[in-house]
Amino acid sequence: MNSWVFKAMKSTIGQKWLMGLSGLFMIFFLLGHMSGNMLIYAGPEAINTYAETLRKFPALLWAFRILSVVALVVHVVTAVVLTKRNRAANPIPYASSAWKGSSWSSRNMGMTGFVILLYIIYHLAHFTWRLTHPELFSELDAFDAYQMVILSFQEPWLVGLYVFATFTVCLHLTHSISSSLQTLGINHPKYNEAIRRLGDFLAIVLFLGFSSIPVAVLLGILS
Amino acid sequence: MKLESKVPSGPLAEKWSKHKFDVKLINPANKRKYSVIVVGTGLAGASAAATMAELGYKVTAFCYQDSPRRAHSIAAQGGINAAKNYQGDGDSVHRLFYDTIKGGDFRAREANVYRLAQVSTDIIDQSVAQGVPFARDYGGLLANRSFGGSQVSRTFYARGQTGQQLLLGAYSALSRQIGMGTVEMHGKTEMLDLVIVNGKARGIITRNLETGEIKRWAADAVVLATGGYGNVFYLSTNAIGCNVTATYRAYKKGAGFANPCFTQIHPTCIPVSGDHQSKLTLMSESLRNDGRVWAPKKKGDKRPPADIPEEERDYFLEVKYPSYGNLAPRDIASRAAKEACDDGRGVGESGLGVYLDFADAIKRLGEDKVRERYGNLFDMYQKITDENPYKMPMRIYPAVHYTMGGLWVDYNLMSTISGLHVIGEANFSDHGSNRLGASALMQGLADGYFVLPNTIGNYFATAKPEKTSIDAPEFIQAENEVKERIQKFMSINGTKTPAEFHKELGHIMWEKCGMARDKAGLESAISKIQALKKDFWSNLKVTGTAEGLNQTLERAGRVADFLEFGELMCRDALIREESCGGHFRVEHQEEGEAKRDDANFCHVAVWEYQGEDKVPLRHKEELTFETLQLSTRSYK
Amino acid sequence: MKIKLHVWRQKNAKSPGKMETYSPSDVNPNMSFLEMLDVLNEDLIKKGEDAISFDHDCREGICGSCSMVINGRPHGPSKGTTACQLHMRSFKEGDELFIEPWRAGAFPVVKDLIVDRTPFDRIMAKGGFVSVNTGSAQDANALPISKDLADKSFEAAACIGCGACVAACKNSSAMLFVSAKVSQLALLPQGQPERMRRALGMLRQHDEEGFGACTNTKACEAACPKEISIENIARLNRDFMKATLFYPEHESSANE
């Protein structure tokens, strides 16, 4: 295969574009996901109606699900390829390294990404496939999303796990928003600071938004 | 030794175009049958190699750095002159020609200098087309500034990094040819000897600095673009690796060495801070556009500069040379600074320094404007001295910067050895006894882009170099000599390092053959250098091995040549019983100003090697001035 | 001043290297870092040992020869400074310093602190130029260029090709170097005719030399002695994708 597409995907920049585009898609996914989740604060009615409405358009739902899975797979596979490539490019470590100028999160995207991947699998197993806590869901109506959440987050360790996981997502995102834009060629001194702040702001909003729910359940604010 | 300048006949302004028409051409298909070796890939070498390759010649280029981009041309800060007259301030080819001849104190060949002024404009066009980001005005046109020794603004610049940008331009042109396979480039390779077959320069012997491999290379012509020999002084503004080896080896093989004593001392360098110092850093002459040079009026005045009131300051350049003021030429500004220091009025811990003060400029233009013009130079100064030049005046002192002397070349840039061409600082040609600021870049690129590529074809067409190979006995013999010499360095096993010898030599040269020279000093220098040379060959210590990378060995080879060359410089300075440009003989002065002797010394001195420990022969190329009148240089 | 040095010593590309310890005497705070090494080397030669090899030449921060990582930072701790312009006054009495060569697979060690940086030259040969033969240029002022663009181009052109960006990058990516050269010419009208071809050609060679991919950590920007901005990398990212997506005709010529 020697087509231009293949060549581009073999190049360092081409691979970065794959990372950036798939990552950006997932950021939009997260924003949508969180907005939906926030309905829980409006009561069982609201969030359950939302969940049911989603299911009324299966084609759309599935298209979105497939896109998300594709984005995830592209992101993960490219990450593995790039990490291998970058490790090969830098085989000998320094005896002393300071890495000045780079943030911790930017240097540890692989690690945070891996944690997030494990979490995504767990999260799907928990709510979508209902494998981790079958006993909690056995007596529930399939569409009672509200009760699913309330019942799940009675356990402190699970709440801790979710908070930790969403915090990892937050760390990952503090780098990824400005990074993906940079990869796509969006960098202008006039707007860089704003982009960086917006990135940090979004990361924190997502963290607070997502983690607030299990915490609120545990504290009895939601019941 | 025959010194035929081969200057074409006819009116000065038409010589070059006439010559270009008269030279024999080689048709494009035949050019690829001719091969050229280019040693050194700074401005002159890179531009020549690229242009000759564009024309179709087979070029093999060498440099001692790992990449052509690192040649010391890169360090030139201030700018490049060109007679564009974009500022409409009365500049012209003739004025640039006149300024250069006058600046060189009438010790350069008229025809060469005129040609230099003519092609100067093409250099700017070529560089801009390559994407060299020169400074521009808001209207989008090129900006100019003024430089020492000139009353017009003809200097093009790219902040304080003009040399870097021009070199990167030439290097990009060279890279293009390397990519196309028309130039074979060898970095980290040093030329250690020239090979002559049947009286023609036919190749070189090199040492690969990474592997230590000694190799023979043959071609139809050899071009030396190996820069100047300022490092004979140990401390200079040259890069650490700059050396005289290539040109000195050529001299030993019969090339005439012209005016070796003509060295330029640059007035604005950062003073020496201690014995450990390995090199001196230049502060661009462009600083003298806005900075004012002064020393205290009182001897031994150790007050901080801010505490010295205006009336107790001696703005000596402005006082002595009112029409040029702080922009007096380099030799004159340097000597004036030295006089102030010799008078006990020097500043700084060592007393070897004068002030270059920007307080007035900051008051007039504001700190931001000054930062925009000179920011990188100010930063560099602060890094080295730990003093903030926005707050207190810079301390400056003269330092060896450029060497006007070099291998003698004719109008075609060919040396006295047939086929050996010499370009850029390595030749003696255009600057006479003093180079004006912003003229080195101009000359290097003029030689490389526009002169040599036109004249070398004539050599091929007329000399018709016969076939030779690296297996010819001359090559084998030269290779063996190089190997023996390296073996010798490795086997002396004495007690002193190459750097120690270098330092001692530099000290002798600076004291006796530096800014001011006299008969007794030069004579004592010659005997001291001879003794030092003897010591060198019996007491040198080089560690490591001859194979592989060995920087101590590299240094030893360079110092060995400097030792012999230093003696030649002193001999040249001794016989030139006059003061002209950068060559100042204490015996020949009038009210502190250099006194030229046109009756006896209006010539180029060309030295011919006679053998180990023998006094070389001095030949003369008389200089005739058809267009300009020999006159006393005055900047008052 | 007394300090302790740990210096990487390696005889040649094939033999393994290791850190050796030295305690240079008489370190003067006004010495440059390289002068401190000079003094140490003089001692070593006198003792009959092989001097420490390190690349250096102009010693005024412009040739880009010097290349050492000092305490984990390319060119040492000072911002916008090459190792040759670093002075010992930046360190304290009793400091312990680790001196290592640039580490990158594409920059193999030649000896001690010297690495092979010729990949940069090969990248340049794949497009780091404007194809204009000597003598064919028009008058320099026939093409006005806005001062802002010329200044921006200059800032990219200030790259000294030292490789600190590669040394600082955890991925050993040379993207800052490549992008500086691409940007210098992409910002100028002279660079437009070959703009797409240049981005393709230089990036391909970058990848072929074994440099890694940019993950936007910005360590390069912080280490760059000429403080070149990663804005240039964004420009390269744009140009490369534009060339890939919309200029198939440059595909073949960029590979020549």
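Sequence lines set the chain letters: A, B, ... in the order given, protein chains first and strands last, and positions in each chain run from 1. Note that the structure is a prediction, hence the values are computed from the model and not measured.
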- Query: Does any heavy atom of chain A fall under 4.5 Å from the side chain of Pro77(C), the backbone, both, or neither of them?
  - Reply: neither
- Could you tell me which portion of Ser103(A) (side chain, backbone, both or neither) has an atom closer than 4.5 angstrom to a non-hydrogen atom of chain C? backbone
- Note on the structure: Looking only at Ser180(A), Ser11(A), Ala8(A), most heavy-atom pairs under 4.5 Å shared with chain C are made by Ser11(A)
- Query: Is it the backbone or the side chain of Ile230(C) that comes under 4.5 Å from a heavy atom of chain A, or both, or neither?
  - Reply: both
- Query: Is chain C contacted by the side chain of Leu82(A), its backbone, both, or neither, given a heavy-atom distance below 4.5 Å?
  - Reply: side chain
- So does Lys152(C) pair up with Glu231(C), basic N to acidic O under 4.0 Å? yes
- Which of the residues Lys242(C), Glu208(C), Met241(C) is involved in the greatest number of heavy-atom pairs with chain A at under 4.5 angstrom? Met241(C)
- Query: What part of Ala104(C) gets closer than 4.5 Å to chain A, counting heavy atoms only: side chain, backbone, both or neither?
  - Reply: both
- Under 4.5 Å heavy-atom distance to chain A, tell me which part of Cys169(C) shows up: side chain, backbone, both or neither. backbone
- Query: How are the rings of Phe33(C) and Phe91(C) set relative to one another: parallel (under 30°), tilted (30 to 60°) or perpendicular (over 60°)?
  - Reply: tilted
- Does OH in Tyr41(A) sit with more than 12 non-hydrogen atoms of other residues, nucleotides or ligands closer than 6.0 Å? yes
- Heavy-atom distances under 4.5 Å only: say whether Arg103(C) touches chain A with side chain, backbone, both or neither. both
- Contact class of Leu181(A) relative to chain C, heavy atoms under 4.5 angstrom: neither
- Message: Please rank Ser178(A), Gly14(A), Ser105(A), Pro189(A) by heavy-atom pairs under 4.5 Å with chain C and give me the top one.
- Response: Pro189(A)
- Query: Just checking, is any N or O donor in the side chain of Ser15(C) or Asn12(C) under 3.5 Å from an acceptor N or O on the other one?
  - Reply: yes
- Message: If we ignore hydrogens and angles and just use 3.5 Å, is the side chain of Trp102(C) paired with the main-chain N or O of Cys162(C) as donor and acceptor?
- Response: yes
- Message: If only side-chain N and O atoms count, and only distance matters, is there a donor-acceptor pair under 3.5 Å linking Asn187(A) with Gln182(A)?
- Response: yes
- Message: Between His126(A) and Tyr162(A), do the side chains contain a donor N or O and an acceptor N or O under 3.5 Å apart?
- Response: yes
- Heaviest contributor of heavy-atom pairs below 4.5 Å to chain C, chosen from Ser179(A), Ser96(A), Ser106(A), is Ser96(A)
- Message: Please evaluate residues Thr118(C) and Asp121(C) with respect to the criterion side-chain hydrogen bond (donor to acceptor under 3.5 Å, both in side chains), reporting the C-alpha separation (whole Å), side-chain torsions for both, the decisive distance (0.1 Å), and the verdict.
- Response: CA-CA 5 Å; Thr118(C) 49; Asp121(C) 292 312; 5.9 Å; no
- Most heavy-atom pairs under 4.5 angstrom with chain A, which of Met175(C), Arg235(C), Glu209(C)? Met175(C)
- Examine whether an atom of Glu221(C) lies under 4.5 Å from a heavy atom of chain A, and if so say whether it belongs to the side chain, the backbone or both; otherwise answer neither. neither
- Worked verdict on Asn232(C) versus Ser179(C) for side-chain hydrogen bond (donor to acceptor under 3.5 Å, both in side chains): CA-CA 5 Å; Asn232(C) 296 307; Ser179(C) 70; 5.1 Å; no
- Query: Given a strict heavy-atom distance threshold of 4.5 Å, which part of His6(C) is in contact with chain A: side chain, backbone, both, or neither?
  - Reply: neither
- Between chain C and each of Arg87(A), Met19(A), His188(A), His175(A), count heavy-atom pairs under 4.5 Å; write down the option with the most. His175(A)
- Item | Contacting moiety of Gln15(A), where chain C heavy atoms sit under 4.5 Å | neither
- Answer with side chain, backbone, both or neither: which region of Phe211(C) has an atom nearer than 4.5 Å to a non-hydrogen atom of chain A? backbone
- Under 4.5 Å, counting heavy-atom pairs only, tell me which of Ala213(C), Ala168(C), Ala106(C) racks up the most with chain A. Ala213(C)
- Item | Any donor-acceptor N or O pair under 3.5 Å, side chains Tyr247(C), Arg195(C) | no
- Message: Between Asp148(C) and Ser146(C), do the side chains contain a donor N or O and an acceptor N or O under 3.5 Å apart?
- Response: no
- Message: One thing to verify: whether Arg85(A) and Asp207(C) come together as a salt bridge, which I'm taking to mean a side-chain N less than 4.0 angstrom from a carboxylate O.
- Response: yes
